[in-house]
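From a predicted model like this one, the values you see are computed outputs, not experimental measurements.
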Amino acid sequence: MTEAEDSGPSGYAAARLLLLNGQEPAGPPRRAALARLTDRWLSALFTAARRDTGVHAAALVAVGGYGRGELSPRSDLDLLLLHDPSADPAAVSALADRVWYPVWDLGLSLDHSVRTVAGARRTAAEDLKAQLGLLDARPVAGDLAQLAALRTAVLADWRNQAHKRLPELGELCRERAARQGELRFLLEPDLKEARGGLRDATALRAVAASWLADAPREGLAEARRTLLDARDALHLTTGRATDRLALQEQDQVAGALGLLDADALLRRLYEAARTVSYASDVTWREVDRVIKARSARSRLSALRRGGRRAGPGRTPLAEGVVEQDGEAVLARTARPERDPVLPLRAAAAAARSALPLSRHAVRRLAAAAPPLPAPWPAEAREAFVVLLGAGAPTVPVWEALEAEGLITRLLPEWERVRCRPQRNAVHTWTVDRHLVETAVRAAALTRRVSRPDLLLVAALLHDIGKGRPGDHSTEGGTIALDMAERMGFDRADATVIAALVRHHLLLAETATRRDLDDPATVRAVAAAVGSTGVLELLHALTEADALATGPAAWSAWRGSLVAELAARAAAVLAGGDPPPREPAALGADQRRLAAEALRTGGPVLSLRAQTPPTGEGAGPEPVGPEPVGVELRIAVPDRPGVLPAAAGVLALHRLTVRAAELRTLEPDDGTDAGAVLVLDWRVAAEYGSLPQAAVLRADLVRALDGSLDVPARLAERDAAQPRRRGTKAPPPRVTALPAASRHATVIEVRAQDAPGLLHRIGCALEDAGARVRSAHVSTLGANAVDAFYLTGPGGGPLPEPAAAELARALEERLD
């Protein structure tokens, strides 16, 4: 033992610091070396304390992660002091203090207990987490006979009680997953607690120790190492005992692991989590099967005693595929080496029957089935469409194929999107899972279209261009055309699929960011789509894509706008002009408020809670309440400064704008009563309760007459708030779109959402002398995408040079 490794805290601390600063290679060697160093230090402490206190029949035991030798730089030390029941309690307490206090003095986290063998066994019987920790018990110093007795007893208890304890452990894993989410889909994952993380990997070890079932071992050790290596780097980067990988630390952690950037880090972690999650799915399914089989053993024994043999039932599902024990498995007569379509046929049969696809079947298919010819035979294409159209059961079957590499064998282009993170809070899933989820959502919409097969394939491929340079929709269209032809679709059908992929954002973006009253808007959509058949499919794909993105991407309001745009574009494609929007579409409430605003000469407001969408168009499942709190409607006689004043008042009252529309209502009774601006807002309180409509109206009146200095109030509030650390947002982008309308200049703003953003935009437009004819505001997660239809002093569009200059100036002002 070197001087630096003596029993004194300073010696251990110096040796620990030297080790963590590069004495050992990162990864398992460093974790093992840190455990050995800690063992030597604690052993010296324990040996001296045992000699001084006279307690000889005692042992110091490492449990949990320390017991496994998996010490990360800031890991807790999980220690158990075992002692003979005859030992003097005061002496045992003194022995424990002689060990615990030096650990605390160094600032190390310590999880400790003092037990007899019998006491530890009783605690394990009552506390599942304590029992799991003892399964990894390892001697550090002292009387090894006591530890041997404890390990033998704990393992025997665990195996004897496995049929009771494993369901309890499974429930703990499910509860934790519900709280923490799935690691492979989180932008800031908890490496330990999230599903697919280190806790689940440890649970799989416990299942294996029960001898009741075992986890798939392929790739599991490497996945666990990946997660542990990332945690080590996170501890060293932050200097804290944290398992949550925050956004602002990801680039540093990636660099410490020799990876290119944060995306490369997340993708590696997602791959590891997927391995652990799939192993967990397979393992817990096997645990359930074994426990159910044991519970039925007495009945089966009775049948055998009666002279009848009970064998496993096998129900045919498809050619070469049967159901057995609640899984889709290969039939005894199946010959995968001679049947290249069998993987897709088995997957389709499993998904259609809502059954998991047996891991053994998938492994055999991956090992033996030859590749499909190009183009695919019709049977393969039809089975693929059946798989995609099965709805929610598609997901676990797809995951099983993915785990054995069959998806990338069928679709080599899938490799680029597999486990690819999406750094947008609106997105719930990684790119690959989002594509599968979109197909699941599209399956519920197939009755609305004449070619459900094209809808399902386009849903799966609509983001296939992500991860490549250039616009992902354009790139994806080219890729999808090649893939569809390889799948065996004829040229016409493949062209439709490519068009759907190329234009999958068209309806949603146009409906929420453009003026549907402008005929140019509708004609542009009709020209891009080209036919009513493609439009029908694109409408369904738009809804499926949004529903699969996340709760902020779809609502009854967005659905109604998309449906209206699709209906008007269909009229143009049928040979007519865009039908005028019915005045009734403005709503009786809007008309009433506009009339009241004209009568009073001032602003009129209504504030009302929104209701969940119902009926057709609400999606395959109820999509729940709108992702915002209330509708706020404001009518004001037309005058300059309304938009910045209204937006500023909302910002002052800490109302977050999720969506907004501004439109001008001209009198339709032939009078010269003047125009009215109607602003429809969808807002939510940043925190606390919503303000009353009367308070908002009073502040709006003051903002319009100049007695309320909105910019100064917002600046005071911003100055009083501390700056929060976080990732730097990309710069705003402001674009002039001269061809978007014949009647107005369209300015599109894309920026990081922030309090007062819309107020600042409105002020900039007012300062430039532009009149806002209509506005369409949309907030998705942290991103604001706003479109403004502007006219000049003469009522027409701005000259192109002036529009470009306005866009440049606005972009500089927002940066």
Side-chain angles (χ1 to χ4, degrees), residues 1-46 60 62 64-79 99-112 136 138 140-141 188-192 197-198 201 221-262 264-266 268-269 272 725 727:
M1 184 181 302
T2 68
E3 184 178 349
E5 294 172 355
D6 64 22
S7 60
S10 60
Y12 170 72
R16 178 187 174 93
L17 185 62
L18 184 64
L19 187 153
L20 294 178
N21 284 336
Q23 186 184 57
E24 290 284 347
R30 186 169 63 193
R31 286 190 290 274
L34 182 56
R36 289 194 300 270
L37 176 66
T38 305
D39 284 357
R40 289 196 293 270
W41 176 53
L42 291 174
S43 177
L45 287 175
F46 184 77
L60 188 63
Y66 182 27
R68 294 188 296 273
E70 295 174 347
L71 271 188
S72 290
R74 294 284 177 171
S75 288
D76 293 352
L77 294 182
D78 297 322
L79 290 169
V99 177
W100 305 156
Y101 275 95
V103 176
W104 287 325
D105 288 343
L106 279 184
L108 300 177
S109 296
L110 176 64
D111 189 353
H112 60 89
D136 292 308
R138 178 179 60 80
V140 174
E188 293 187 310
D190 189 305
L191 302 176
K192 187 175 183 179
L198 291 168
E222 181 60 30
R224 186 185 186 93
R225 172 179 174 168
T226 296
L227 295 170
L228 288 168
D229 288 352
R231 185 173 69 170
D232 288 359
L234 179 60
H235 284 188
L236 290 173
T237 296
T238 62
R240 293 181 286 111
T242 179
D243 296 310
R244 185 168 298 280
L245 184 61
L247 290 173
Q248 64 265 24
E249 280 127 20
Q250 290 176 6
D251 280 318
Q252 286 180 279
V253 172
L257 294 172
L259 299 174
L260 181 63
D261 55 22
L265 169 66
L266 284 184
R268 176 176 290 189
L269 293 174
R725 183 186 175 195
T727 56

Compare every heavy atom of [Y] with every heavy atom of [X], then report the nearest pair and how far apart it is.
X: S109; Y: D76; value: CB-OD1, 2.9 Å
X: V253; Y: A230; value: CG1-O, 4.1 Å
X: R68; Y: E70; value: NE-OE1, 3.1 Å
X: P102; Y: W41; value: O-CH2, 3.9 Å
X: R231; Y: T242; value: CG-O, 4.4 Å
X: Q250; Y: E188; value: NE2-CA, 4.3 Å

Qualifying residues under side chain to side chain contact (heavy atoms under 4.5 Å, CB included), relative to L110, sequence neighbours excluded: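 Testing L110 for side chain to side chain contact (heavy atoms under 4.5 Å, CB included), a comparison that skips the adjacent residues, returns L77, L79, W100, V103, W104, H112.
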Side chain to side chain contact (heavy atoms under 4.5 Å, CB included) involving D251 - partner list, sequence neighbours excluded: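 Counting only residues at least two positions away or on another chain, D251 forms a side chain to side chain contact (heavy atoms under 4.5 Å, CB included) with D261, A262.
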By side chain to side chain donor-acceptor pair (under 3.5 Å), which residues pair with [X], not counting sequence neighbours?
X: R74; answer: none
X: D78; answer: none
X: R16; answer: Y12

Got a second to check how far [X]'s [atom1] is from [Y]'s [atom2], nearest 0.5 Å?
X: L234; Y: Q252; atom1: CG; atom2: CD; result: 10.0 Å
X: L198; Y: S72; atom1: CG; atom2: OG; result: 8.0 Å
X: L257; Y: T237; atom1: CG; atom2: OG1; result: 8.0 Å
X: L265; Y: L269; atom1: CG; atom2: CG; result: 4.5 Å
X: L245; Y: D190; atom1: CG; atom2: CG; result: 10.0 Å
X: L71; Y: H235; atom1: CG; atom2: NE2; result: 11.0 Å

Trace of the side chain to side chain contact (heavy atoms under 4.5 Å, CB included) decision for F46 with V140: CA-CA 9 Å; F46 184 77; V140 174; over 6 Å; no
Show which side-chain atoms of residues 28-37 pair as donor or acceptor with protein atoms under 3.5 Å away, not counting sequence neighbours.
from: R31; atom 1: NH1; to: D229; atom 2: OD1; distance (Å): 2.9
from: R31; atom 1: NH1; to: D232; atom 2: OD2; distance (Å): 2.7
from: R31; atom 1: NH2; to: D229; atom 2: OD1; distance (Å): 3.1

